[in-house]
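Quick notes on the structure that follows.
Labels below follow one simple rule: chain letters A, B, ... track the order of the sequence lines, proteins then strands, and each chain is numbered from 1. Keep in mind that what you see is a predicted model, and the values were worked out from it rather than measured.
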Protein chains: 2
Amino acid sequence: MKFKSVERSPSLPEEIVASLTSALHAGELRPGDRLPSEQALATEFGVARTVVREAISQLKYDGIVQSRVGVGAFIAPPQERTAFRISPACFQKRKELLKLLRLRNGVVIEVAADAALARTKRDIARMEAILKEMREAIGDREHGAERHFEAERQLIHVIAKVADNEHALNFIVMIDSQIAEKLRSVAVKNTKATELAAVAIEEQAHLVEAIKSGDPVAARDQARQHYDNAAQRLADRADLADV
Amino acid sequence: MKFKSVERSPSLPEEIVASLTSALHAGELRPGDRLPSEQALATEFGVARTVVREAISQLKYDGIVQSRVGVGAFIAPPQERTAFRISPACFQKRKELLKLLRLRNGVVIEVAADAALARTKRDIARMEAILKEMREAIGDREHGAERHFEAERQLIHVIAKVADNEHALNFIVMIDSQIAEKLRSVAVKNTKATELAAVAIEEQAHLVEAIKSGDPVAARDQARQHYDNAAQRLADRADLADV
DNA sequence: GGCCACAGCCTGTCTGACAACCTGATTAAT
DNA sequence: ATTAATCAGGTTGTCAGACAGGCTGTGGCC
């Protein structure tokens with residue numbers, strides 16, 4: 001992973017979506033407002049109508065606009081939203097990122113409690129294997145940071161699966177993959193600071209222990225302990241890296 | 001609200017999206033697979049290519065497929081997902097619905113703690129006004145249930161706003177609006193059972209009190225108390241209503 | 001004043017076309 | 001025989017134009 005992936009020029013529909021959503025976010029478009037006709041937008045953006053239609057179809061997919069044949073397309077009220085999506089820009093700002101982690105952690109903590117109620121012996125074995133991997137990773141000077149990061153991720157996934165909550169898993173995967181670079185870089189730094197890595201592993205070991213004991217309240221407490229601390233560590237380290 | 005909204009015949013792109021996503025969910029399409037060409041899909045579905053393109057553009061928007069010029073469109077790995085969206089079917093099944101509520105409650109509980117740290121006098125005044133509205137709604141035989149339901153909703157929104165977490169607000173609004181009918185019908189039943197409504201109000205009063213005192217841990221506990229209980233009440237009542 | 005028909009606009013869909021691009025096979029050159 | 005250049009075919013991205021079906025407001029008619 002030496003080279004960053006080249007960002008190819010965004011497609012025309014993407015740009016139009018971005019333009020419209022930013023207009024909406026800026027308050028220039030408000031719920032109930034009618035969008036200009038597709039033809040009008042096409043000429044305004046200097047593209048074909050099919051391009052505008054693709055853009056609008058994406059917004060319709062999210063429930064942001066609703067269109068009526070023969071009338072036009074309208075900005076839908078917020079409660080019509082059918083998808084939760086975060087603009088990539090949010091993952092750049094430290095403050096926003098921490099807020100997103102709050103969301104994620106809220107969900108993780110919740111499923112940890114469910115996992116404590118549903119865990120089987122096999123589940124516990126898998127979690128302990130992940131803990132073992134973490135401990136071994138400490139000794140690995142070369143790929144240790146990567147291995148640790150990957151193991152942390154897997155632990156969350158296993159917990160979500162044990163809790164049998166696919167939605168939670170989807171949600172967590174989505175958030176995590178979006179902030180993966182940030183999380184990874186900080187995780188790497190923390191792992192190099194061996195004492196922090198050891199602390200993190202112990203926290204997670206306590207979490208697994210709580211799940212093993214089948215105590216949802218304890219699992220919740222341990223999950224909060226670890227993931228809130230992890231967010232705090234991220235906050236501490238991240239401000240060294242970026243603005 | 002006497003008449004149910006008529007479901008207008010879904011548009012062709014919608015149907016194709018549904019078809020493709022169901023194929024994906026059924027495992028017929030797996031990450032890395034190439035979709036048939038747009039032309040092929042068009043003839044297969046018996047529609048124009050523009051329709052297929054709109055469908056695929058929606059899937060691309062969610063990061064479910066990625067397309068490369070001159071090559072084709074491919075199912076992306078799950079970690080490329082950029083949106084969290086729930087199929088409407090999930091809101092029908094009681095079990096799924098409760099899992100979604102778990103997600104929501106996890107987030108709500110988290111922001112309640114943040115709200116306790118950020119609340120101002122004005123925020124508290126707004127919350128107490130909402131509580132007052134709830135108490136008054138009990139006496140209203142005609143619209144009491146509706147008023148109570150609306151007030152509960154507003155309380156969550158205010159809390160999310162106080163916590164200054166727009167993402168959480170969006171998330172909660174999205175989930176709530178999707179399960180609004182279910183929530184509403186059960187809320188109405190519970191409100192008619194006056195003793196349950198009184199319990200719910202007291203729980204929320206405690207929550208507001210905790211936020212007022214600025215104690216995040218207490219706020220979390222009270223939030224959990226109320227929203228988990230509310231979910232439980234929903235579970236108890238909902239199985240009377242549906243399968 | 002009230003009712004009706006109609007023109008004009010809008011979305012949804014279809015068709016055909018072309019540019020840019022990629023892949024794999026074929027061909028040419030060494 | 002191996003390598004390099006070429007090319008044909010398929011694919012996505014975009015464009016232009018067309019038509020059906022639906023809605024709205026206007027103007028004429030009763």
Side-chain angles (χ1 to χ4, degrees), chain A residues 3 5-21 23-24 29 31-77 80 82, chain B residues 3 5-21 23-24 29 31-77 80 82:
Chain A
F3 298 101
S5 65
V6 194
E7 77 279 357
R8 47 182 147 276
S9 58
S11 70
L12 298 183
E14 270 180 60
E15 291 190 44
I16 294 180
V17 167
S19 178
L20 290 178
T21 52
L24 187 140
L29 286 174
D33 286 359
R34 211 196 88 177
L35 278 103
S37 75
E38 294 174 357
Q39 200 60 255
L41 286 173
T43 60
E44 186 171 342
F45 284 111
V47 298
R49 189 159 82 95
T50 50
V51 172
V52 172
R53 277 192 65 79
E54 277 192 30
I56 292 183
S57 88
Q58 296 183 353
L59 297 178
K60 278 194 288 191
Y61 192 40
D62 276 10
I64 292 177
V65 320
Q66 291 173 335
S67 56
R68 280 154 49 198
V69 178
V71 184
F74 300 83
I75 305 291
E80 295 291 324
T82 62
Chain B
F3 299 102
S5 66
V6 193
E7 77 279 358
R8 50 181 147 276
S9 59
S11 70
L12 298 184
E14 270 179 60
E15 291 190 45
I16 292 180
V17 166
S19 178
L20 290 178
T21 52
L24 188 140
L29 287 174
D33 287 358
R34 211 196 89 176
L35 276 93
S37 75
E38 295 174 355
Q39 200 62 255
L41 286 173
T43 60
E44 187 171 341
F45 284 111
V47 299
R49 190 158 81 97
T50 50
V51 171
V52 173
R53 278 192 64 79
E54 276 192 31
I56 292 183
S57 89
Q58 295 182 354
L59 297 178
K60 279 194 288 192
Y61 193 38
D62 276 9
I64 292 177
V65 319
Q66 291 173 336
S67 55
R68 281 153 50 198
V69 178
V71 184
F74 300 83
I75 305 290
E80 294 291 323
T82 61

Can you list, by residue number, the residues of residues 43-53 of chain A that have a non-hydrogen atom closer than 4.0 angstrom to DNA chain D? A:Gly46, A:Val47, A:Ala48, A:Arg49, A:Thr50, A:Val51
Go through A:Val51 and A:Phe45 one step at a time and tell me if the side-chain contact (heavy atoms from CB on, under 4.5 Å) criterion holds. CA-CA 10 Å; A:Val51 172; A:Phe45 284 111; over 6 Å; no
Does any part of the side chain of A:Ser57, heavy atoms only, come nearer than 4.5 Å to the side chain of B:Ser57, both counted from C-beta? yes
Close N or O pairs between protein and nucleotides 20-22 of chain D (under 3.5 Å):
{"unit_1": "D:dG22", "atom_1": "N2", "unit_2": "A:Gly70", "atom_2": "O", "d": "3.4"}

Tell me, please, which residues at least two apart from B:Glu80 pass side chain to side chain donor-acceptor pair (under 3.5 Å). B:Gln66
Atom-to-atom span, [atom1] of [X] to [atom2] of [N] - whole angstrom:
X: A:Glu54; N: C:dT13; atom1: CD; atom2: P; result: 14 Å
X: B:Arg34; N: C:dC22; atom1: CZ; atom2: C1'; result: 11 Å
X: B:Phe74; N: C:dC21; atom1: CZ; atom2: C1'; result: 13 Å
X: A:Gln39; N: D:dA18; atom1: CD; atom2: C1'; result: 12 Å
X: B:Glu38; N: C:dC22; atom1: CD; atom2: P; result: 16 Å
X: A:Leu41; N: C:dC9; atom1: CG; atom2: C1'; result: 15 Å
X: A:Leu59; N: C:dT11; atom1: CG; atom2: C1'; result: 16 Å

Measure the spacing between [atom1] of [X] and [atom2] of [Y] and express it to the nearest 0.5 Å.
X: A:Gln39; Y: A:Thr43; atom1: CD; atom2: OG1; result: 6.5 Å
X: B:Glu38; Y: B:Thr50; atom1: CD; atom2: OG1; result: 10.0 Å
X: B:Leu20; Y: B:Leu35; atom1: CG; atom2: CG; result: 6.0 Å
X: B:Arg53; Y: A:Arg53; atom1: CZ; atom2: CZ; result: 13.0 Å

Determine: side-chain N/O of A:Arg68 to OP1/OP2 of C:dG12, distance under 4.0 Å, yes or no. no
Name the closest nucleotide to the B:Lys60 side chain, picking from D:dG13, D:dT14, C:dT11.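 So the side chain of B:Lys60 is nearest to D:dG13.
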Knowing that exactly one of B:Ile75, B:Ile16, B:Val17 qualifies, which makes a side chain to side chain contact (heavy atoms under 4.5 Å, CB included) with B:Leu59? B:Val17
Do B:Ser37 side-chain atoms and B:Gly72 backbone N/O form a donor-acceptor pair below 3.5 Å? no
